[in-house]
Every structure is written in structure tokens, then in C-alpha cells.
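See structure below.
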Amino acid sequence: MVELQIDGKTVQVTEGSVVIQAAEQAGTFIPHFCYHKKLSIAANCRMCLVDIEKAPKPMPACATPVTQGMVVHTKSERAIKAQKSVMEFLLINHPLDCPICDQGGECQLQDLAVGYGGSASRYDEEKRVVFHKDVGPLISMEEMSRCIHCTRCVRFGQEIAGSMELGMSHRGEHSEIETFVGETVDSELSGNMIDICPVGALTSKPFRYQARTWELGRRKSISPHDATGANLIMQVKNHQVLRVVPFENEEVNECWIADRDRYSYEALNGPDRLTQPMIKQGGEWQTVDWQLALEYVANGLNAIKADHGAAAIGCLASPHSTLEELYLAGKVLRGMGSDNIDSRLRAADFHHDGHVRWLGTSIASLSQLQRAWVIGSDIRKDQPLLALRLRHAARHGAQVHALTGTTPDWAMPLAQMQVLPASDWLQAMADVAAAVAQHTGMASPVPGNAQSPVAIAIASSLLSGERKAILLGNAVAHHAHCAALLTLANWLAKHTNATVGFLGEAANTVGAQVAGALPLQGGLHTQAMLHSPQVKAMVLLHAEPVDDCAQAQDALKSLATKDMVITLSPFKANMEFSDVLLPVSPFSETAGTFINTEGRAQSFHGVVRPLGETRPAWKVLRVLANMLGVSGFDYDTVEQIRADVLLPEWSLRLSNACDQTMTQLPVMAHAPETARIYQLDGLVRRSPSLQQTADAQTKEANHV
């Protein structure tokens, strides 16, 4: 530890810290623009100049390492004079357009100019003009004359997102931040550049000129997309979500969010919202009231149960539904006598042994890994914030290996990249297992080629180091032999002292397992329900089978043959084969809980009131259960439902152990299907800005 004085206050910091970090620890604010705690030191702006005793001139606090006995003055006459001089230079070319700037009210330059700027400018020459750039549908670079060249956006792309899409060209007063030869900014994390820009140079294109920052209410929420469970601040005006920004949580998403977390709110106010119950009569959709719609559903389900038995009713529930909704959906079905409920919509292997599959470690620990083997994932697009953690580890020396069906650009250094058809993944893992067995003297669980150079390299890597993980991606979860892959992963983890876990697909993949949204007592799984002629009625909870299920066209044909299909959705979805549409609230209009991939239960409240006649799905299911005569639905609040699901011992079920044994490798049936980054759920599919990005241009779903 190093001890120094800052403005007369003694503070101890770790060796290697810089003055601005010591000042933060001491509770002393030093003005700055280019410094950011998550980025490398640039010392571009010079706004953080401080007075250090025995130094010949003011020194930048962000780039000056602390030394034992150092005495720093941040508010001395010399320090203030230096800071005011820097501010004068920064304002020389800055346009006077604060009244129309989207950054107004939350602008770092504006705030600091109050304390360090002059009341009049000595500069009376013409200001420089920087022409706007078009970098895609998400980020606006219309007013680049505001840029102060802090290079935060450049360093973010290079160090955090892994792709340096912005850079500085030219010199002196001709310097500009721009993309390479007019390219667009296509990173799945690009919106974070807006957050870290200290001025109004980079702003949100969809939010542009929508509201002033002081008009917006700020309410906490949780991302409903991938399994990270990013913490959000939803900014609201007139009962509409107008902007989404990150809420800092170092254990989950740090201070970043993915672009789909940031921009999918557009769908909440879009034209595709379902605001009133609808019933199809004679092939035409009719708007009805809730009483009539629920009576129609209850009568239809009771009739099918009476004619064909309770097993003729099934439910497909999206893993993007809340924990409470999933629990009640299962309770309604089982109360009627059916166990036909599933949330594993894209799966091909439905083996289940009661365990709840999860990451196997904490999200934060991914940043500290020394060895990682990622199997069956395009992690950069599937889980952008988990990729960010792994990228950090790789930049600090971790050996990351990949086994995939395509050749993805993960924007991080990789030790090995195996690109093989999904049918060969079991053999590739068996080869690594054989190499590990040969090194340790153990017997290999299945036959494998221990002499494969790639297998030897991966085995040697996993056998070295301390913090290690085998991470299974979405394509493994959807693989026809998922259980076999997990069995091999568990054997490898046991003999290399690594953790093993699933990266997780949806916001509530873990929560769906905890809530029992899968057949527990011999019921039918997703594919069996869709293709069984005995299943006459289907309830779709936030599910859109054409986009959410494997073998989508088969799902469409199957649903068209059902006697009754009931859709509970915030959107006008499934209209080609549904008989009833019930408008239920998206995550922004209801309370609920998501359990992320590390097993962290995060509850949230609705941030705006339900749109039109929309109702929270848990309330709809509660009323429907009462009309169906199912007991045990005396819930008044979502907290009462949560207490029934999250029993004290629920977390003990988190386990990636697999009871399947193997003596030989099974033969692959078909390739797994995975969703593209902006096709994952109904919200991102209906966000106009996200659908205009480069990542959304490919029309075909990925086949790994």
C-alpha cells in the first residue's frame, strides 16, 4: 500500500494506482473527461490537472502514479488556474447549441463549464465545423463539432467491445473521430459509446429529440433478453418508455448493456401491440371484452378435457416469461390434470433428471478465468455481456478455446478454434477426453483419438492453470445429444478441476426450470406436443412457435391442425393459427422475477401502466384458473406467487450433473437450430432500429 495526502486528507491505495483513483477513494472529485474507470489511460483532455508538491508544473491526475508521501492539491490556485485554462481551450470550438442538444441536462462538459468556464470567451475567430457521419441505425453522429477528442468511444471499441470501429484521423484542429472509409458501427455493444461520451457528439438515433432528460422518470428493471440478467434504468415520459440505459451492477453487467437491451423498448410502443382481447369468428378477428374472451377460453378447454381428457391440453411457455407466470401456467395445467408444459422450445434432447442447468460459476468469475473451452456458441452474439467478460480474461492472458459449427469473429484472441459440424462435436470432445486420460493415467470414458494435435493442445491447456471453465452454448442446449455432450463435459471438468456450465439462452431459462415449466410426471415435451394428434388444445404463453421453436414450418403445420390455440402475448402474434388472443403485459408493464444463468434471482416492478386493456399474465392465469375450477389460486400479489416458487432450498437444485452414462458415441440426428441475435424474442424482432442493423440483415436462422 502507498500512503499519500490529497487536500490534507491521508489516504492509502494499492501500489500502481494513479492520483485520480486515490482521490476517488478519498471522496475528492477531480474534473475529467477522458478518464473512465473501465478504460485505459489516455490523458487526452488534461482537465484533471492537479498541483503536486515538488512537481514543476500541474500534472494530469489520471496519468500520474501515486508515490509514498506524495502531497496533492486539487483546489489550489495553481490547480484551478490550470483546469480553467483547459476548459477555455475545450470551449473554443464547441458549438453553442445546448438548447437543442440531447445531452443537455446530463452533459459532463456542461456541468464542468459552470465551475471552470469563463463568463465570456476571448476567442472571436470562426469555430471549426465537422461534418456529420452516418454510422448506422443506432448511433447518431450528426453533431461531431461537439466532440472534444477524449477518445473514450475509440478505447471502448478497442478494449471492451473488441473491435476498433471508431478512430481518430488527421491532426490538430482537423482531427476527427470517424469510422474507417465510411463503414458503419456494427458492434452488438455499440450503444455504450453513447453513455460514455461526455458531450453530445454521440447520441441515440431512436431517442433523438424525443424528450429532455429532466422530463424523464427513472425506474429500475431487468433485461428480458439473454441469460445475463443485465440491470436497467428505464426512462419514462407520459407512460411510455423512451430510453433504456444501464444500471451499474459489478457482479452482473458492470456498467454496460447490449444493444438489444438498450433499443428493444421501441417494440413496447410499436404498432404491433395487442391492446384488447380478440376472438376469431368465421375466419375474421373480432375485438371482445375480457369476460367474454376468458369464458370462451374456459369453456373451450373444459369441452376438450371432457371429450378427450386432460392430456389433450398442452402449453408452450417462452423462457422469456417471468418466474411467476411460468409457475402459474404449470399450476393451471396440472390443476386440470395435464403435465404437458414445456419451455425448451428450441431443444431436440429433452432428457431431464430434476437438476436445474446453470452457468456453474458466477458471471464475475468469467473475467478471472485462466483457461476456458467454449463449445457450441457464438458467444459474442448469443451472450454479448458474457463475451465481454471472457474477452477481458483473454486480454489478460487467458487461453480461450472454441468448438463451433461456424467461424465466428469473437473479437478476442483465441488459443484454438475448431470449426466442425455439430455431428462431430461428441467425437472432438471424446478426443480431448482421451488426451486427458492418457496424461492422467485414467481410463477414457469413450473411445477417442488421444494423438490429435488439437485435442492434445486443449487437454494440456485445461490441465494447466488454476481457474478453468468448460462453457456450453445455445447450440449444445439445442443439440440432439445434449445430455451426451454434458456427460463428456462433466468428465473433463472432474479430471481437469474445471467448472462446467451452460451459458444460457433466455432471460429466464434457469427460472423456467425452477418454476417447473417442463413435463415432470410423464407429460409431453415441446416436439411431442406439437406433433401428437392426441393434443387438441395449445396454450402459448409469450411463445411464437414460428420464430421460437425448432423446425418452425413443422410447428406451423402442427398448430394449424389443433382444435383450439390460445395465445397470451403483448403482440398480435400467432394470428394465422390462433383462435383467441389475450393481451398480456410485457416486462415493462408487470412485476416479476428473472433468474439469470448464474442462479441470481432478480425481481422487478412494472415501469409504466399496462397499455389499453392489457393485463399482467399472472393475473390472467389466476382468473382463468378460477373459471376452470382449479383450486389454490388465491393470490393477491406477485410476491405471494414468488414465495411459493422460491422456497428457501430452491438454489440447491442448481446442478449440471447428468445421470446419463455412455459407453459409445451416439449418432447425430440433425443439426441444432439457434436464434440470431435480433431474432431471440418478440421484443427484439419488433424493434425497427435493431432490425436495420448489419446483424439483422441475414434472413435465415443460423444452423450450427
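Since the model is a prediction, treat every value here as computed from it, not as a measurement.
- A donor-acceptor pair shorter than 3.5 Å can be found between the side chains of Glu159 and Ser40.
- Residues satisfying the side chain to side chain donor-acceptor pair (under 3.5 Å) test with His225, not counting sequence neighbours, are Ser264, Asp681.
- Of all heavy-atom pairs spanning Val684 and Gln679, the tightest one is CG2-N, 4.1 Å.
- With ring centers used as reference points, Phe587 lies 6.0 Å or more from Phe594.
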>> Between Asn474 and Thr674, does the side chain to side chain donor-acceptor pair (under 3.5 Å) criterion hold? Intermediate values first, please.
In response: CA-CA 7 Å; Asn474 294 348; Thr674 61; over 6 Å; no
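- At most 12 non-hydrogen atoms from other residues, nucleotides or ligands lie less than 6.0 angstrom from NZ of Lys81.
- Leu138 has its side chain out of reach of Val185: every pair of non-hydrogen atoms, C-beta onward, lies at least 4.5 Å apart.
- For the pair Cys48 and Cys62, the tightest heavy-atom approach, listed with the atom from each and the gap, is SG-N, 3.4 Å.
- Every pair tested for ring pair (Phe, Tyr, Trp, His ring centres under 6.0 Å) that includes a residue from residues 77-120 fails, sequence neighbours excluded, so the list is empty.
- Atom CD of Glu126 has 12 or fewer neighbouring heavy atoms from other residues, nucleotides or ligands inside a 6.0 Å radius.
- Checked against side chain to side chain donor-acceptor pair (under 3.5 Å), Glu88 has the following partners two or more places apart in sequence or in another chain: Arg122.
- Within 6.0 Å of the CD atom in Glu125, the count of heavy atoms belonging to other residues, nucleotides or ligands exceeds 12.
- Nearest heavy-atom pair, Lys237 versus Gln210, reported as atom, atom and distance to 0.1 Å: NZ-O, 4.4 Å.
- Within a 6.0 Å radius of CZ in Phe131, no more than 12 heavy atoms belonging to other residues, nucleotides or ligands are found.
- Looking at Arg371 and Ser464, their side chains do bring a donor and an acceptor atom within 3.5 Å of each other.
- A donor atom on one side chain and an acceptor atom on the other are not found under 3.5 Å apart for Asn249 and Glu254.
- Between Lys133 and Met144 there is a side-chain heavy-atom pair separated by less than 4.5 Å.
- Between the side chains of Asp102 and Thr203, no donor-acceptor pair is found at a separation under 3.5 Å.
- Within the 4.5 Å cutoff, side-chain heavy atoms of Leu386 are placed close to those of Ile363.
- Taking 4.5 Å as the limit, every side-chain heavy atom of Arg600 sits out of range of all side-chain heavy atoms of Ile595.
- Here the closest non-hydrogen pair linking Glu178 and His170 is OE2-NE2, 4.2 Å.
- Residues Glu173 and Lys127 are not paired through a salt bridge, judged by the lack of any N-O separation under 4.0 Å between the basic side chain and the carboxylate.
- No side-chain heavy atom of Glu176 sits less than 4.5 Å from a side-chain heavy atom of Met168.
- Residues Val66 and Glu15 have side chains not in contact (no heavy-atom distance under 4.5 Å, counting atoms from C-beta outward).
- Contact annotation: the side chain of Thr406 never approaches that of Val419 to less than 4.5 Å [non-hydrogen atoms, C-beta and beyond].
- Aromatic ring centres of Trp410 and His401: separated by at least 6.0 Å.
- Ring orientation note: the planes of His32 and Tyr35 are nearly perpendicular, at an angle over 60° on the 30°/60° scale.
- Defined by atom type and a distance below 3.5 Å, a donor-acceptor pair is missing between the side-chain atoms of Glu466 and Gln370.
- The number of heavy-atom neighbours closer than 6.0 Å to CZ of Arg208, taken from other residues, nucleotides and ligands shown, is above 12.
- Checking Glu143 against His132 by side-chain atom types alone, no donor-acceptor pair falls below 3.5 Å.
- In this structure, Val252 and Thr228 approach most closely via the heavy-atom pair CG1-O, 3.3 Å.
- Between Arg260 and Asp695 there is no salt bridge, since none of the side-chain N atoms of the basic residue sits less than 4.0 Å from a carboxylate O of the acidic one.
- Under the 4.0 Å criterion applied to side-chain N and carboxylate O atoms, Arg686 and Glu266 are not assigned as salt-bridge partners.
- Thr179 and Glu165 are not linked by any side-chain donor-acceptor pair at a separation below 3.5 angstrom, with hydrogens and angles left out of the test.
- Contact of the Asp259 side chain with the Tyr678 side chain is registered, since non-hydrogen atoms from C-beta on lie closer than 4.5 Å.
- Nearest heavy-atom pair across Phe156 and Ile196 is CB-CD1, 3.6 Å.
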